[in-house]
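As structure tokens, the structure follows; a few thoughts come after it.
FYI, side chains are in, hydrogens and waters are out, and symmetry mates aren't considered; it's all heavy atoms of this structure. Keep in mind that this is a model prediction, so the values were computed, not measured. Order of the sequence lines fixes the chain letters, A, B, ..., with proteins taken first and strands second; residue numbering starts at 1 for each chain.
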Amino acid sequence: MKRTHSCGALRDTDINGEAILFGWVQNRRDHGGCIFIDLRDRDGVTQVVFDPERTPAEAFKQAERARSEWVLGIRGNVKDRGTKDDGTSLRNPRLATGDVELIAQEVTVFNKAETPPFEIEDHIKTNEDKRLEYRYLDLRRPKLQRNLIMRSKLNHETRSYFHDNAFLEVETPFLVKYTPGGARNFLVPSRLYPSHFYALAESPQLYKQMLMVAGYERYFQIVRCFRDEDLRIDRQPEFTQIDVEMSFINQDDLFKMIEGLVFRLWKEVLGIDLKQWYPDGTFPRLKFEDSMRRFGNDKPDMRFGLEHVDLTELVVAHKGGGIGMLEPMAQKFADGTYRKDLPEEICKAMVVPNGHGFSRKDIDGLEKYVNGMGAKGLARAKVEGDDGAWVQSPLAKMVTDEFRLAVNEATGAKDGDLILFQFGNEARVHAVMANLRIHLGKLLKLIPESGSAGHWNLLWVVDPPLFEREDGGWAAAHHVFTRPHDECVELLETDPGKVLCHRYDLVLNGFEIGGGSIRLHDPEVQKKVFSAIGLSDEEAQEKFGFLLDALTYGAPPHGGIAIGMDRIAMLAAETESIRDVIAFPKTQRANCLLTQAPTLVTPEQLLEVHLKTIDPS
RNA sequence: GCGGUGGUAGUUAAGUUGGUUAUAACGCCGGCCUGUCACGCCGGAGGCCGCGGGUUCGAGUCCCGUCCGCCGCGCCA
């Protein structure tokens with residue numbers, strides 16, 4: 001018996017022909033006379049009819065015995081589904097093959113099946129641990145099959161696009177030298193060198209730069225990366241990047257190349273023309289500083305408003321505006337402890353239009369939410385009447401009229417609106433307000449809980465600072481080979497916090513789907529960067545010596561980007577978890593419920609790699 | 001590391017102030033049924049209530065510990 005069609009192939013044009021289908025029993029409906037079996041493969045489902053008047057007795061007996069998930073081969077005649085006696089059609093418009101059915105003539109049972117722990121259907125609700133334990137069954141579900149088929153197309157189009165644009169696909173090592181700083185590495189003990197370890201590559205970053213030095217000019221790779229950090233709904237310990245690096249280009253050239261890729265993927269894989277939103281083929285650019293000010297993070301979801309308003313200057317001008325909690329902060333700006341251009345503390349507000357609909361209980365719920373984010377509370381005020389009075393607000397009794405009116409004006413809040421405030425540590429306020437904005441966006445149904453709702457908002461976030469605060473000093477906010485803006489180079493020594501750099505993130509509907517930079521290839525500037533973060537020449541040499549050496553042998557100007565394939569697939573599949581686009585994902589505690597990895601190993605295995613383990617208790 | 005939430009039949013869930021034999025739906029098994037397509041009807045089997053301790057005459061329910069799933073914070077250059 002040889003298969004002639006997939007289970008999703010038959011159409012009314014095949015009527016009166018013969019077909020042989022192989023697949024799994026999706027469903028069996030026994031009517032005492034007729035038996036219907038829905039046969040499923042990765043391509044679809046076809047209804048097979050066992051009719052005592054048209055099906056040989058031997059095949060009919062097989063249908064009586066068959067059960068869910070048995071693997072069958074069925075030869076039969078393709079027939080129109082016809083009509084009922086009253087003339088209504090028996091065709092099933094919900095099925096791609098619903099115009100036809102297969103009248104079984106011969107059945108081969110390739111395999112029987114245990115009753116699966118859950119049904120192989122999209123609509124069945126099963127907890128994720130069970131799904132992961134029986135992942136090979138979960139993966140039979142049409143939804144997951146669609147996701148992985150789509151992901152395969154993303155891979156294919158990505159390769160095709162880069163080959164069309166003269167890129168070379170080059171593989172790089174997974175077993176690499178441990179590099180301190182950044183993400184935690186997985187360690188792999190060396191058998192040949194006692195006490196020595198490889199690290200699993202957290203990305204091919206340094207290798208792709210060396211490929212540029214080697215003159216390969218255009219490199220890409222769809223590559224697995226490993227990071228031993230705690231997991232999230234969009235993070236796995238091993239994940240896939242589209243890794244890209246180009247020589248002799250500037251930021252605009254790189255953007256153009258990646259924009260072309262995203263346009264192509266959406267067109268070819270999803271059938272969506274992004275030109276309807278981005279007619280000139282480019283994505284908008286938003287300065288990091290503006291993104292932080294308006295949205296509180298560097299990956300804003302701009303499908304909706306609820307923008308933040310920075311009130312720090314007002315707080316300072318009004319010396320706290322009568323609100324005791326704001327006074328220490330105002331004082332520190334006044335006496336010069338805090339710089340206005342690099343504030344350590346800020347005050348932000350967000351206006352909920354017509355927020356009077358929020359009850360005390362609703363707002364307490366919001367406060368509970370932000371407290372979970374590390375906030376100390378949620379100051380709020382409902383604006384009422386033509387004079388903009390604040391009501392239902394703990395601030396109302398303290399606030400001066402001048403400050404209240406100034407805040408109303410700055411935020412644009414008017415009668416019926418609700419203002420929410422956060423103040424304190426800059427990073428904390430941004431983070432809390434950014435999360436609160438998303439939370440409210442979903443609560444107010446400005447964006448869906450998950451998914452695009454048919455709206456793809458793409459942008460570049462550009463020009464972030466090169467350094468971030470750390471323990472009173474400065475640390476590299478990105479990798480240390482990020483090129484500062486030329487006009488900022490002298491600030492490296494005088495005012496590192498003000499140095500901006502050629503780093504960029506690609507953002508889609510509030511998810512960072514890619515990030516990269518133009519690299520630093522001038523050894524003099526590189527030294528100044530190391531110096532600013534307190535890294536000595538020796539330390540730099542120890543950590544990155546091989547790349548620093550490489551850069552001295554004629555490095556071309558170069559830059560690149562890494563794009564998160566899992567996140568793109570997740571967003572494109574309109575699913576809320578990265579696990580739905582990965583065939584064999586791990587749990588949030590990085591367990592594999594299917595194989596039980598990680599496991600203990602025997603003393604002999606440990607001895608071979610020269611390790612002793614310590615009982616954590 | 002921290003916070004939240006959950007773990008009861010194969011699966012998904014309900015289970016009241018602690019109180020008789022722990023429910024339901026789907027699935028499974030058997031019977032009936034010739035047009036269903038998440039078929040329908042009748043019947044049946046199926047339980048370490050995550051695990052370990054404690055309180056109590058009595059624990060699915062209360063307390064302590066622990067393991068696991070999920071969500072978030074920290075972390076992720």
Side-chain angles (χ1 to χ4, degrees), chain A residues 26-38 45-55 60 67-69 81-86 88-95 97-98 101 114-134 137 179-185 202-203 205-206 225-237 239 368-375 427-428 431-432 435 438-439 464 466-468 470 475-482 501 503 512 515 517 533 543-544 562 564 576-577 579 586-589 591 593 617:
Chain A
Q26 168 75 41
N27 191 354
R28 177 176 160 278
R29 297 177 295 279
D30 184 346
H31 286 253
C34 270
I35 296 171
F36 299 91
I37 283 181
D38 293 337
V45 170
T46 302
Q47 171 165 286
V48 183
V49 183
F50 296 79
D51 180 345
E53 291 168 13
R54 292 181 286 176
T55 299
F60 194 87
R67 291 293 180 269
S68 289
E69 301 308 316
R81 288 213 183 174
T83 56
K84 288 187 194 174
D85 293 341
D86 66 5
T88 52
S89 174
L90 282 167
R91 293 188 170 194
N92 183 350
R94 284 176 299 161
L95 219 55
T97 61
E101 58 193 8
E114 295 292 320
T115 301
F118 49 83
E119 293 164 75
I120 314 301
E121 291 188 46
D122 285 341
H123 71 273
I124 294 294
K125 269 174 56 182
T126 305
N127 287 332
E128 201 158 8
D129 49 349
K130 274 286 173 260
R131 293 175 46 200
L132 292 175
E133 184 181 344
Y134 297 94
L137 296 179
T179 51
R184 191 179 295 119
N185 293 100
E202 54 187 84
S203 80
Q205 180 63 40
L206 304 178
C225 301
F226 306 88
R227 294 180 189 175
D228 189 5
E229 297 292 347
D230 285 354
L231 275 44
R232 289 287 184 278
I233 200 163
D234 60 350
R235 298 203 315 233
Q236 282 274 305
F239 60 98
K368 202 175 167 194
Y369 174 79
V370 297
N371 285 346
M373 257 354 109
R428 171 61 45 198
V432 168
N435 282 318
I438 301 292
H439 186 70
L466 184 58
F467 303 112
E468 62 190 7
E470 191 180 276
H478 321 289
H479 77 86
V480 294
F481 299 98
T482 303
C501 64
R503 153 89 203 182
E512 180 197 320
S517 63
I533 56 174
K543 282 185 179 177
F544 311 110
E576 66 268 24
S577 166
R579 294 185 293 269
K586 296 191 171 49
T587 69
Q588 186 161 30
R589 294 278 317 261
N591 285 317
L593 297 180
S617 59

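- One C1' atom belongs to B:rC33, the other to B:rC42, and the distance between them is 11 Å to the nearest Å.
- Note on A:Leu95: nothing from the nucleic acid sits closer than 4.0 angstrom, heavy atoms only.
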Using a cut-off of 4.0 Å between protein heavy atoms and nucleotide atoms, how would you tag nucleotides 1-12 of chain B 5' to 3' with B, S and -?
-> B--------SSS
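- Among the protein residues, A:Asn371 comes within range of no part of the nucleic acid, since none of its heavy atoms lies under 4.0 Å from any strand.
- Here the separation of B:rG6 from B:rU61, taken at their C1' atoms, is 16 Å to the nearest Å.
- Here A:Asp230 does not pair with A:Arg235 in a salt bridge; the nearest charged N to carboxylate O distance is not below 4.0 Å.
- Shown here are the ring pair (Phe, Tyr, Trp, His ring centres under 6.0 Å) partners of A:Phe36, two or more places apart in sequence or in another chain: A:His31.
- Atom CG in A:Asp85 sits roughly 10 Å away from atom P in B:rU36 (whole-Å rounding).
- Which of B:rU36, B:rC37, B:rC70 sits closest to the side chain of A:Leu132 comes down to B:rC70.
- Which of B:rC28, B:rC33, B:rU34 sits closest to the side chain of A:Glu53 comes down to B:rU34.
- A:Gln26 meets the side-chain hydrogen bond (donor to acceptor under 3.5 Å, both in side chains) test with A:Arg40; sequence neighbours excluded.
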Can A:Gln47 and A:Asn92 be said to form a side-chain contact (heavy atoms from CB on, under 4.5 Å), step by step?
-> CA-CA 10 Å; A:Gln47 171 165 286; A:Asn92 183 350; over 6 Å; no
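- Between A:Ile120 atom CD1 and B:rC26 atom C1' there is a gap of 14 Å when expressed in whole angstrom units.
- Counting to the nearest Å, the C1' atom of B:rC33 and the CZ atom of A:Phe50 are 18 Å from each other.
- One finds a side-chain N or O of A:Thr587 lying less than 4.0 angstrom from the OP1 or OP2 phosphate oxygen of B:rG69.
- Between A:Asn435 and A:His439 the shortest side-chain heavy-atom distance does not fall below 4.5 Å.
- As rounded to whole Å, 13 Å separates atom C1' of B:rC71 from atom NE2 of A:His439.
- Atom-to-atom, CZ of A:Phe226 to C1' of B:rC76 comes out at 16 Å; the value is rounded to the nearest Å.
- Taking 4.0 Å as the cut-off between side-chain N and carboxylate O, A:Arg579 and A:Glu128 count as a salt-bridged pair.
- Residue A:Arg428 places its side chain closer to B:rG74 than to any other of B:rG74, B:rG27, B:rA77.
- Counting any heavy atom pair closer than 4.0 Å across all strands shown, A:Asp228 reaches no nucleic acid atom.
- Contact of the A:Leu90 side chain with the A:Lys84 side chain is registered, since non-hydrogen atoms from C-beta on lie closer than 4.5 Å.
- Along RNA chain B, the nucleotide closest to A:Glu202 and the one closest to A:Gln588 are compared, and the more 5′ of them pairs with A:Gln588.
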Give RNA chain B the dot-bracket treatment, 5' to 3': Watson-Crick (N1-N3 with N6-O4 or O6-N4) or G-U (N1-O2, O6-N3) under 3.5 Å, [ ] crossing, | other strand.
-> (((((((..((((.....[...)))).(((((.......))))).....(((((..]....))))))))))))....
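- Remark: the separation of the P atoms in B:rA13 and B:rU55 is 34 Å, to the nearest Å.
- Separating the C1' atom of B:rG3 from that of B:rA77 is a span of 27 Å, rounded to the nearest Å.
- An OP1 or OP2 oxygen of B:rA77 is reached within less than 4.0 angstrom by no side-chain nitrogen or oxygen of A:Arg184.
- Listed candidates were B:rG72, B:rC76, B:rG69. Nearest to the side chain of A:Arg235 is B:rC76.
- By the 4.5 Å heavy-atom criterion applied to side chains, A:Thr587 and A:Leu593 are counted as neighbours.
- Under the rule for a salt bridge (Lys or Arg N to Asp or Glu O under 4.0 Å), the partners of A:Asp122 that lie at least two apart in sequence or sit in another chain are A:Arg146.
- Considering only side-chain N and O atoms, A:Gln47 lies nowhere under 4.0 angstrom from the phosphate OP1 or OP2 of B:rU36.
- The side chain of A:Pro52 approaches B:rU34 more closely than any other nucleotide in the set B:rU34, B:rC76, B:rU36.
- Taking atom C1' in both B:rC76 and B:rA22, the straight-line distance is 46 Å, to the nearest Å.
- A straight line from CZ of A:Phe36 to P of B:rA38 spans 12 Å, rounded to a whole angstrom.
- Atom name P, nucleotides B:rA24 and B:rC63: the rounded distance is 29 Å, in whole Å.
- The same atom, C1', is picked in B:rC29 and in B:rU34; the two are 24 Å apart, to the nearest Å.
- A:Phe544 pairs by the ring pair (Phe, Tyr, Trp, His ring centres under 6.0 Å) definition with A:Phe481, not counting sequence neighbours.
- Residue A:Arg579 places at least one side-chain N or O under 4.0 Å from the OP1 or OP2 atom of B:rC71.
- Comparing B:rU21 with B:rG53, their C1' atoms sit 28 Å apart, to the nearest whole Å.
- Heavy-atom nearest nucleotides on RNA chain B were determined for A:Gln205 and for A:Arg81, and the one closer to the 5' end corresponds to A:Arg81.
- Nucleic acid contact class of A:Thr179 (heavy atoms, under 4.0 Å, all strands): none.
- Here the CZ atom belonging to A:Arg589 is positioned 10.5 Å from the CG atom belonging to A:Leu231, to the nearest 0.5 angstrom.
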Working for side-chain contact (heavy atoms from CB on, under 4.5 Å), residues A:His478 and A:Ser517 = CA-CA 9 Å; A:His478 321 289; A:Ser517 63; over 6 Å; no
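- Per the geometry, NZ belonging to A:Lys84 stands 4 Å off P belonging to B:rU36, to the nearest Å.
- Contact annotation for A:Asn92: base contact, defined as any heavy-atom pair under 4.0 Å involving a base atom.
- Using a 4.0 Å heavy-atom cutoff across all strands shown, A:Glu512 reaches no nucleic acid atom at all.
- Note: CD1 (A:Ile35) to P (B:rG31) measures 12 Å, nearest angstrom.
- Among the atoms of the strands shown, only primed sugar atoms or phosphate atoms (P, OP1, OP2) are found under 4.0 Å from some heavy atom of A:Arg67.
- Considering only heavy atoms from C-beta on, A:Cys34 stays 4.5 Å or farther from A:Arg29 through its side chain.
- Counting distance only, with no hydrogens placed and no angle test, the side-chain atoms of A:Arg54 and the base atoms of B:rG35 include a donor-acceptor pair under 3.5 Å.
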